[in-house]
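None of the values given here were measured: they were computed from a predicted structure. Count residues from 1 along the sequence.
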Amino acid sequence: MVTPGMIKSDDEHRREVCTVGQWIHQKGYIASTDGNISVRLDPQRILTTPTGMSKGLMQPDDLVAVDYNGKKIHGRRDASSEIAMHLLIYQRRPDVHAVVHAH
């Protein structure tokens with residue numbers, strides 16, 4: 001369940017990003033490997049969806065942690081090149097804690 005205003009573990013964030021990925025895929029907001037989802041974990045890390053993967057099929061272990069420069073910190077996959085847009089939003093808007101973009 002996605003619930004705002006809670007302190008969440010990395011694992012909870014991973015599960016929720018996958019849930020959102022399934023929602024936007026099922027609703028037809030994205031096709032194939034389009035779009036990306038990210039969440040601010042803390043002042044050093046962003047959790048994001050991997051490149052080249054359907055958001056409707058993601059598992060928590062597929063997600064990638066990057067620093068605020070976009071450098072991979074953890075994950076077996078690579079972050080999307082579109083992470084730069086998400087990072088810009090996080091840098092300019094400290095009140096934003098997650099970004100979903102679909103196309």
Side-chain angles (χ1 to χ4, degrees):
M1 176 195 299
V2 178
T3 53
M6 295 176 56
I7 302 296
K8 298 177 183 156
S9 70
D10 286 8
D11 287 339
E12 289 171 309
H13 282 298
R14 286 176 178 278
R15 288 191 302 271
E16 289 187 357
V17 167
C18 290
T19 297
V20 171
Q22 291 167 357
W23 287 346
I24 63 175
H25 184 264
Q26 289 169 355
K27 297 280 185 186
Y29 296 132
I30 57 174
S32 186
T33 61
D34 292 350
N36 283 289
I37 305 163
S38 67
V39 63
R40 187 189 303 260
L41 293 175
D42 57 42
Q44 289 81 35
R45 301 174 302 144
I46 301 292
L47 183 67
T48 188
T49 51
T51 190
M53 183 168 203
S54 169
K55 307 313 169 272
L57 299 176
M58 291 184 308
Q59 297 297 314
D61 287 345
D62 293 320
L63 302 180
V64 182
V66 299
D67 66 16
Y68 279 80
N69 294 313
K71 182 180 176 193
K72 182 167 71 171
I73 298 171
H74 178 65
R76 60 187 171 143
R77 297 182 176 270
D78 291 326
S80 168
S81 62
E82 294 178 328
I83 188 63
M85 176 180 60
H86 292 236
L87 294 171
L88 181 63
I89 293 166
Y90 291 124
Q91 290 167 359
R92 292 191 177 183
R93 294 286 307 272
D95 59 317
V96 171
H97 299 285
V99 176
V100 176
H101 94 262
H103 49 82

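- Cluster partners of V64, using a side-chain heavy-atom cutoff of under 4.5 Å among ILVMFWY residues and allowing indirect links, are I46, V66, Y68, I83, M85, L87, I89, Y90, V96, V99.
- Nearest heavy atom pair, residue P60 against residue C18, reads N-SG, 3.4 Å.
- Heavy atoms only, all atoms of each residue included: H103 and G35 are closest at NE2-N, 3.4 Å.
- The distance from atom CG of D34 to atom NE2 of H25, rounded to the nearest 0.5 Å, is 9.5 Å.
- Looking at residues two or more places apart in sequence or on another chain, you find a side chain to side chain contact (heavy atoms under 4.5 Å, CB included) between S9 and D11, E12.
- With sequence neighbours excluded, the residues that form a side chain to side chain contact (heavy atoms under 4.5 Å, CB included) with T51 are D78, S80.
- The main-chain N or O of M53 is found under 3.5 Å from a side-chain atom of K55 such that the two form a donor-acceptor pair.
- The two atoms that bring R93 and R40 nearest to each other are O-NH2, 3.2 Å, heavy atoms only.
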Which is it for R77 and M58 under the side chain to side chain contact (heavy atoms under 4.5 Å, CB included) test, yes or no, and what are the steps along the way?
-> CA-CA 11 Å; R77 297 182 176 270; M58 291 184 308; over 6 Å; no

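- Residues passing the side chain to side chain donor-acceptor pair (under 3.5 Å) test with R76, sequence neighbours excluded: D62.
- Looking at every heavy atom in both residues, S54 comes nearest to T33 through N-CG2, 3.8 Å.
- D10 pairs by the salt bridge (charged side-chain N to carboxylate O under 4.0 Å, His left out) definition with R45, not counting sequence neighbours.
- Contacts of A102 classified as side chain to side chain contact (heavy atoms under 4.5 Å, CB included), with partners at least two apart in sequence or in another chain: Y29, I30.
- Hydrophobic clustering (ILVMFWY, side-chain heavy atoms < 4.5 Å, transitive): W23 and L63 are in one cluster.
- Taken to the nearest 0.5 Å, the CG atom of L47 stands 9.5 Å off from the NE2 atom of H74.
- One finds the OG1 atom of T49 at 6.5 Å from the NE2 atom of H86 (value rounded to the nearest 0.5 Å).
- Remark: the backbone N or O of N69 is paired with a side-chain donor or acceptor of D67 at under 3.5 angstrom.
- Under the 4.5 Å side-chain heavy-atom criterion for ILVMFWY residues, no single connected hydrophobic cluster contains both I73 and I37.
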